[in-house]
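The next block holds one structure in the form of C-alpha cells; read it before the comments.
Ligands are counted one by one from 1 in listed order, and the atoms in each one are counted from 1 as well. Heavy atoms only: backbone and side chains are in, while hydrogens, waters and symmetry mates are out.
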Amino acid sequence: MGLNKIQFASDNYSGICPQAVQSMIEANRDFSLAYGEDSYTQKVCDLFRKIFETDCEIFFVFNGTAANALALASLCQSYHSIICHETAHIETNECGAPEFASNGSKILLAKGQNGKLDAGEVEKIITRRSDIHYPKPKVISLTQATELGTVYTPGELQAIRDVACKYDLKLHMDGARFANALVFLNLTPAELTWKAGIDVLCLGGVKNGLAVGEAVVFFNKDQARDFAYRCKQAGQLASKMRYLSTPWLGLLGHDVWKKNAAHANKMARYLKTELDKINGVKIKFPVEANAVFADMPDSVVSGLRAAGWRFYNFIGVGGARLMCSWATTKQSIDFFLKDVKKHLD
Ligand SMILES: *Cc1c(COP(=O)(O)O)cnc(C)c1O
C-alpha cells in the first residue's frame, strides 16, 4: 500500500489482509444457507470457542458502533446507566447509539489517567446516589486497548472487576483493538476476557484486517438470549452471513490477528522512538498499542497537512493521532518523519 500520506489517520484506512481475502474467496464456491445457518459460520464460531477456551455465543454485526450499542442494550434496562471513561468511543464517537439502542440508558462519565478508567472514580460514581431519581448503574464499559493507545494491565482490570462485583454491575469490553492489547500483554484471550470477569466482548475485526464486521462475544450465554432478535431488528443481521463471518477464519487462523496486531504495535513503537528524538515534538501518552499521540508545533502540523498528510486531532485530548496498522511499513514512517523534520526547520 506504499507511501501514501493518508495512512496514519486511522487503522481503518488500511485494506483487507490477504488471509481474510482468501477466506472470503473460499466461501464463495457454491450456494449456502443464509442468515448464519451455513457451515462456514458454524466453523468460525467453533474457532472462537477454541481460541477463547470456553463455550461462548458469537454474533457478527457490520460495525463497532452496532456491536457496542446492541451489546450494551442487552445488559441494560432503559432506567439503567453505563459507566465509561470520558474519552470512550461509546460516548464520543457513536452518535448516541448505545442510548438509542437501549431506549435511553444513560452514560455516566468517569475520569482516569491515559484513557483508562480509575476504579476509585468508578466507585465514586456508583455510590454518589442510591435514590430512585438517579439512573441505576448497571454496566462498566472499558476499552481495551484504549482510545489513547494505552492498555489496561491485569491489575487494573482486577480493580475494576472488584468494583463491578461489589455493586453487582456487568462488564463490557470494547475490543475494537483487542488484539493489540492481547499481544502487548502477552496473555491469552481467555485471561483477558472471561477469566477477568468480562461479560461481553465486542471484538474488532476491521482495524485488524477485515473489510467489514465485528464480533459480539457473550461469555455468559444467558445474557445472549434473544440477542439475534436485537440484531435483526437493528438491521444488523446479514443475510449472506458467510461473507461477514468467514473472513474471521483467515484472521484468527494461524494467529494472523495477533501477527497483524503485533506488527501495528511494533510500527507505532518505532514511530514513537523516532519522534522522541526530534526536538519540539512531544509524545502525549505511553505507546502500548498501535497509536501515537504527538504534540507538534502548529507550523509543523499545518505544514504536514499542506503537504497532504492526514491525521485526526479531535480524538481524546487533542494532539496529532497517528495510527499504525497491519499494513504500515517502516519505509512509510521514515517518509513521514522526513516531512516532520523538514517542517521544523
Ligand atoms: C473504531 C472503533 C470502534 C468501531 O467503530 P465503527 O466505526 O462503528 O466500526 C469502536 N470502538 C473503538 C474504541 C474504536 O476505535
Side-chain angles (χ1 to χ4, degrees), residues 7-16 20 59-73 82-101 107 109-110 112 114-117 139-152 171-182 184 192-193 198 200-217 231 234-236 238 244 247-248 251 257 260-261 264-265 268 285 287-293 311-317 319 321-327:
Q7 63 177 304
F8 298 109
S10 177
D11 27 4
N12 57 30
Y13 279 38
S14 63
I16 315 168
F59 299 85
F60 300 97
V61 295
F62 291 102
N63 62 20
T65 298
N68 283 334
L70 297 176
L72 289 167
I82 300 155
I83 300 168
C84 70
H85 192 271
E86 55 191 354
T87 59
H89 198 270
I90 60 166
E91 160 69 10
T92 60
N93 283 294
E94 299 190 354
C95 198
E99 295 93 325
F100 182 67
I107 292 183
L109 303 179
N114 297 328
K116 294 191 255 186
L117 280 173
V139 183
I140 302 171
S141 172
L142 52 93
T143 313
Q144 179 77 311
T146 72
E147 286 76 2
L148 302 186
T150 55
V151 172
Y152 285 91
L171 280 176
H172 161 261
M173 182 177 273
D174 176 347
R177 300 188 181 88
F178 180 77
N180 302 85
L182 192 69
F184 175 74
L192 207 49
T193 55
I198 302 298
V200 186
L201 166 71
C202 294
L203 178 60
V206 169
K207 285 166 182 153
N208 192 254
L210 296 186
V212 60
E214 316 273 297
V216 182
V217 185
C231 292
Q236 289 289 324
L244 208 56
W248 283 97
L251 205 64
W257 63 318
N260 284 354
N265 289 3
F285 310 109
V287 176
E288 296 171 342
N290 58 329
V292 180
F293 283 76
F311 43 84
Y312 295 148
N313 60 1
F314 63 84
I315 313 273
V317 286
R321 187 191 75 160
L322 304 163
M323 296 303 308
C324 295
S325 76
W326 67 272

Pull out every atom of ligand 1 sitting under 4.0 Å from any heavy atom of [X], numbered as shown with elements.
{"X": "N63", "result": "8 (O), 9 (O)"}
{"X": "K207", "result": "1 (C), 2 (C), 3 (C), 14 (C), 15 (O)"}
{"X": "T143", "result": "13 (C)"}

Original post:
Step by step, would you call N63 with T65 a side-chain hydrogen bond (donor to acceptor under 3.5 Å, both in side chains)?
Top reply: CA-CA 6 Å; N63 62 20; T65 298; 4.8 Å; no
Ligand 1 and [X], any nitrogen or oxygen pair closer than 3.5 angstrom?
{"X": "T65", "result": "yes"}
{"X": "G64", "result": "yes"}
{"X": "E94", "result": "no"}

Subject >> Spacing of N208 atom CG and L203 atom CG [to the nearest 0.5 Å] >> reply: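 The CG atom of N208 sits 8.0 Å away from the CG atom of L203.
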Original post:
Are L109 and C84 close enough, and set up right, to give a side chain to side chain contact (heavy atoms under 4.5 Å, CB included), and what steps lead you there?
Top reply: CA-CA 5 Å; L109 303 179; C84 70; 3.8 Å; yes
Subject >> atom 10 (C) of ligand 1 [closest protein heavy-atom partner, distance rounded to 0.1 Å] >> reply: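 Result: H89 ND1, 3.3 Å.
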Original post:
Which residue owns the protein heavy atom closest to atom 11 (N) of ligand 1, what's the atom, and how far is it?
Top reply: D174 OD2, 2.7 Å
Original post:
Does ligand 1 have an atom under 4.0 Å from some heavy atom of V206?
Top reply: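 It does not, in that no heavy atom of V206 comes within the 4.0 Å cut-off of ligand 1.
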Subject >> Any R177 heavy atom less than 4.0 Å to ligand 1 >> reply: yes
Original post:
Using 30° and 60° as the class limits, which term best fits the ring planes of W257 and F178: parallel, tilted or perpendicular?
Top reply: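 Geometry flag for F178 against W257: parallel rings.
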**OP:** Might you work through the side chain to side chain contact (heavy atoms under 4.5 Å, CB included) test for E91 and E86, ending with a clear yes or no?
**Re:** CA-CA 7 Å; E91 160 69 10; E86 55 191 354; 6.0 Å; no
Subject >> Aromatic ring proximity F285/F293, centre distance under 6.0 Å >> reply: yes
**OP:** Looking only at non-hydrogen atoms, find the nearest pair between A264 and N180 and report the distance.
**Re:**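 Result for this residue pair: CB-ND2, 3.9 Å.
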